Structures are given as structure tokens and as C-alpha cells.
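One structure is given below, encoded as C-alpha cells.
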Amino acid sequence: MKTIITFIIVFGILVLVHEFGHFFFAKRSGILVREFAIGMGPKIFAHQGKDGTTYTIRILPIGGYVRMAGMGEDETELAPGMTLSVELNEQGEVVKINTSKKVQLTNSIPMEMLEADLERELFIKGYVNGDESEETTYKVNHDATIIEQDGTEVRIAPIDVQFQSAKLWQRMLTNFAGPMNNFILALVLFTVYVFMQGGVTYTNTNLIGGVQPDSPAAKASLKADDKIVSINGTSVSDWNDFTKIIQDSPDKELNLMVESDGKTREVDVIPKSQKSGKQEIGVIGILPPKKTGLADKLLGGVETTLSSSMQIFKALKSLFTGFSLDKLGGPVMIFQMSAEASKAGLNTVILLMAMLSVNLGIINLLPIPALDGGKIVLNIFEGLRGKPLSQEKEGILTLIGFGFIMLLMVLVTWNDIQRFFF
């Protein structure tokens, strides 16, 4: 249960922070956000704010999404012959359209719809009260709402508040805002992690920062601020040098030349064998030194974010030079990592969330249609061309990109299941 809660929190926060980036900049750009959803699946709560956005909580507590006007794939369709009801204001304008059988409006007028335009002309035409002898046309208010078949009430999407009506730079910023929020979240989380750790570790030294109790190092009388000068006659100058030798020598006696309190002495130590993944490594229980100043901790958060980003770029590069599904991970892998992190404690959960946030930000910027990066590429293409790609062609590209992502997700998920459970 603890693992499931950790997974929901980690995955949910990452997605919600990402979507809030799109939401925030869409609103600032005059784009109508029809719905901001927390969770997925059937809704269990809905509230329409004064800003025109319907805020919903849905039954599956995993992530969330935003529906921006004019994005096409989520627009409510009104088909000729549809039975619905409309509610009018004092001026005789339609302020509410009900297409749901789950909702009953007390002061509404039943109608069999013949024709409607909720984007440009803003009208709805049909037979009222079952009278097919006369067609009635109503003007639709610009800020009217429509109750969808599942009972969710959202604003209609006139052309002036649709995504494509915003300026090009505003649309680019809205598309970029999701990944940008993931990078900001990662920076905050990495900085919190550094503070929780008491400082940022540095490895360009051969100084011991601390010694774990009852460890091989403690039994060999090693202590903080000792310097490891050499191991088995091999000079070492930084942390990476001597930890590699130690890790490569489980259960093998090592001769250390140690500088302590201005004096040099020899120490023999046998690294304890410890499992790391599928390998056995040697450990002696020493900890790296830390920089504990406020500026060091803040800078440490930035450096850790940049370092994590570079690791992801290297991983992406390796996919192009030698593709393998084993280099990728999906929800199953995230669940496994969440399970391990929840056992290790809050520090590890925060570190995991920070690393996944960077990962999500970078992956979303890949120039693949249906991802934010693909949308930004289309924005750039529009700027160079002077006009946008036709909606039909953009829809085909998005469909191809979405299909590719879904196929890859299925393959990765199946590979993860095979890897972790069989």
C-alpha cells in the first residue's frame, strides 16, 4: 500500500506540475482552458470558476490534464438530429446547452438540433418542443456553457479564445511551459534534497568526510578528515579514484596509505561485499565530504539538476547509437523505483521525483508530433513559413506521433513486465 501511495504521489505531482505550466501560460495568453482535471477517468467532482475553467476531480488518482479551446481532439460535437435542451437568459440568448441525460435543467427548452455553430456565428437551430413545422434559431452567448454527455459542464469555445487565435510566441510559450515547469520542479526538489542531506558532496578530493559505525573503515581506525594517499601502492587523488578500487575489491585485503593529523600511516582493510544490482561490490563504510554553506547548498541544487540533465542526454544519445528497450522504462519501472524509494525514506523519494521530473521535461521536448517538442517545431515552421500548417496535415502528423508513442509505450511496458516479474 505504501508503494502504491508513493507511486500515485510521485507520478501525480509530476504530471500536474507539467499540466499547470500549460494552464498558467494559456490563461495569460487569452486561451480558454475549458477544463483542468486532477486524475483521470469518470469525474467525481466539478466546479466551474469565474475564469471560465471547469475544475474537476476524477476517479483515478493518477496525473491530470488540461483541455484548451481549439485543440480539436476534445471539442464537444453537436450532430444534426441530436436531442438536447437549451437555457436562455433575459435577452433570449442561449447560455446553457445540455446534451446529457444525467442532468435535468428546470427552465430549459427541449430541442431537436438541426444546425449549430459555436465557434464563429454562435447560433443553434432546431425544432423546439417536438414541433417540426417550424425551425427556431437562437443566438448563443459568447460565454455560454455546454453540459457534455458525462455531465461535465464546460464553456463553449468561440474562435477568439481558441489556441490558434493566440499570437505565435504565446502558443510557443504555452507549449514550452509544461517541460519548463518540470525543470523548475526538479531544481526545487534537488535543492531540497541537498539541504536534507546537510550539504552537497564533492569528489575532487581524497579526504574522508565521515565513517559509518561498525564498518570496516571504523574497525581500521579511519576517521573523518583522514586523507587516502594510495591504495596498494597506487596513488589516488580524488574520491572517484579510491572508491573504484574499493568497489572492485570485495572481500580482498587492501593496504591504504593514510595521512592523518599531519602524519602518514599504513592501514589494512578488507572491503565488505555488498550487492548492487546484479553485481557484488566492495564497501568499507566511508562517506564523502560535504560543503555545508548556504551558497554551496543552493549551487549544489543547480549543479545536480544540470548533472542529471546531462546524464539523460547521454542516455538519449546511446539510444541512437545502439537502440534497446532495456535502456527505456515506463510506468512499471517507475512503480518499481517508487517501491524501492518508499523503503529507503523521504530523501530517496524526493531524489527520485527530481530525476523523473528532469526526465519528463526533456522527453517532452523531443521533436515528436503529439509531444510538446513536436508542437514547438510546428510553431517554428509556422514562423518561418508565415502561416500555420493546415489542420488536416497537423492532425495526421499528431496521429502518427501519438501512434508511435503508444506503440513504444506498449513495448516498453511489456519489456518492463518481463524484466521485473519473469
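Computed from a predicted model, the values in this text were never measured in an experiment. Along the sequence shown, residues carry numbers from 1.
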Would you compute the distance between atom [atom1] of [X] and atom [atom2] of [Y] and round it to the nearest 0.5 angstrom?
| X | Y | atom1 | atom2 | answer |
| --- | --- | --- | --- | --- |
| Leu378 | Lys393 | CG | NZ | 12.0 Å |
| Lys275 | Gln279 | NZ | CD | 9.5 Å |
| Ile362 | Leu365 | CD1 | CG | 8.0 Å |
| Ile184 | Ser357 | CD1 | OG | 9.5 Å |
| Glu93 | Lys96 | CD | NZ | 15.0 Å |
| Ile246 | Ile281 | CD1 | CD1 | 10.5 Å |

So, [X] side chain and [Y] main chain: donor-acceptor pair closer than 3.5 Å or not?
| X | Y | value |
| --- | --- | --- |
| Thr398 | Glu394 | yes |
| Arg171 | Thr174 | no |
| Ser215 | Ala218 | yes |
| Gln170 | Lys167 | yes |
| Ser100 | Gln149 | yes |
| Asn181 | Val17 | yes |
| Asp226 | Leu222 | no |
| Thr305 | Gly301 | yes |
| Ser29 | Phe25 | yes |
| Lys27 | Asp51 | yes |

**Study point:** Criterion side-chain hydrogen bond (donor to acceptor under 3.5 Å, both in side chains) on Thr264 and Glu259, from CA distance to verdict
**Key:** CA-CA 4 Å; Thr264 302; Glu259 184 179 313; 4.8 Å; no
Could you check if a side-chain atom of [X] sits within less than 4.5 angstrom of a side-chain atom of [Y], using non-hydrogen atoms only?
| X | Y | answer |
| --- | --- | --- |
| Leu207 | Asp225 | yes |
| Val358 | Phe190 | yes |
| Ile350 | Leu346 | yes |

Exercise for review: Kindly indicate, with the supporting measurements, whether the criterion side-chain contact (heavy atoms from CB on, under 4.5 Å) is fulfilled by Lys297 and Thr191.
Suggested key: CA-CA 7 Å; Lys297 292 177 182 176; Thr191 303; over 6 Å; no
Exercise for review: Run the ring-centre check on Phe20 versus Phe23 and record whether the distance is less than 6.0 Å.
Suggested key: yes
Practice item. Show your reasoning for whether side-chain contact (heavy atoms from CB on, under 4.5 Å) applies to Gln104 and Asn98. Key: CA-CA 8 Å; Gln104 298 296 323; Asn98 182 19; 5.7 Å; no
Any idea which heavy atoms bring [X] and [Y] closest together, and the distance?
| X | Y | answer |
| --- | --- | --- |
| Asn206 | Phe242 | CA-CE2, 3.6 Å |
| Pro271 | Ile284 | CA-CG2, 3.7 Å |
| Arg58 | Thr56 | NE-OG1, 3.6 Å |
| Val86 | Leu84 | CG1-CD1, 4.0 Å |
| Val33 | Thr53 | O-OG1, 2.7 Å |
| Leu105 | Ser85 | CD1-OG, 4.4 Å |

Just wondering, more than 12 heavy atoms not from [X] lying within 6.0 Å of its [atom1]?
| X | atom1 | result |
| --- | --- | --- |
| Arg385 | CZ | yes |
| Asp251 | CG | yes |
| Phe402 | CZ | no |
| Ile59 | CD1 | no |
| Met355 | CE | no |

Exercise for review: Would you sort out whether Asn107 and Glu87 count as a side-chain hydrogen bond (donor to acceptor under 3.5 Å, both in side chains), showing the intermediate values?
Suggested key: CA-CA 6 Å; Asn107 298 317; Glu87 191 173 279; 5.5 Å; no
Return yes if a side-chain donor-acceptor contact under 3.5 Å exists between [X] and [Y], otherwise no.
| X | Y | answer |
| --- | --- | --- |
| Thr54 | Glu35 | no |
| Asn255 | Glu266 | yes |
| Asn175 | His22 | no |

Review point. When you look at Thr205 and Asp238, which way does the side-chain contact (heavy atoms from CB on, under 4.5 Å) test go after all the steps?
Key: CA-CA 4 Å; Thr205 179; Asp238 63 34; 5.9 Å; no
Practice item. Could you go through the side-chain hydrogen bond (donor to acceptor under 3.5 Å, both in side chains) check for Asn232 and Thr234 one step at a time? Key: CA-CA 6 Å; Asn232 288 347; Thr234 302; over 6 Å; no
Exercise for review: Under the side-chain contact (heavy atoms from CB on, under 4.5 Å) rule, what do Leu168 and Glu382 come out as? Steps first, then yes or no, please.
Suggested key: CA-CA 8 Å; Leu168 178 60; Glu382 177 184 342; 3.8 Å; yes
Study note, to complete from the structure: Exactly one of Arg67, Lys101, Lys102, Arg155 clears salt bridge (Lys or Arg N to Asp or Glu O under 4.0 Å) with Glu148, and that residue is Arg67
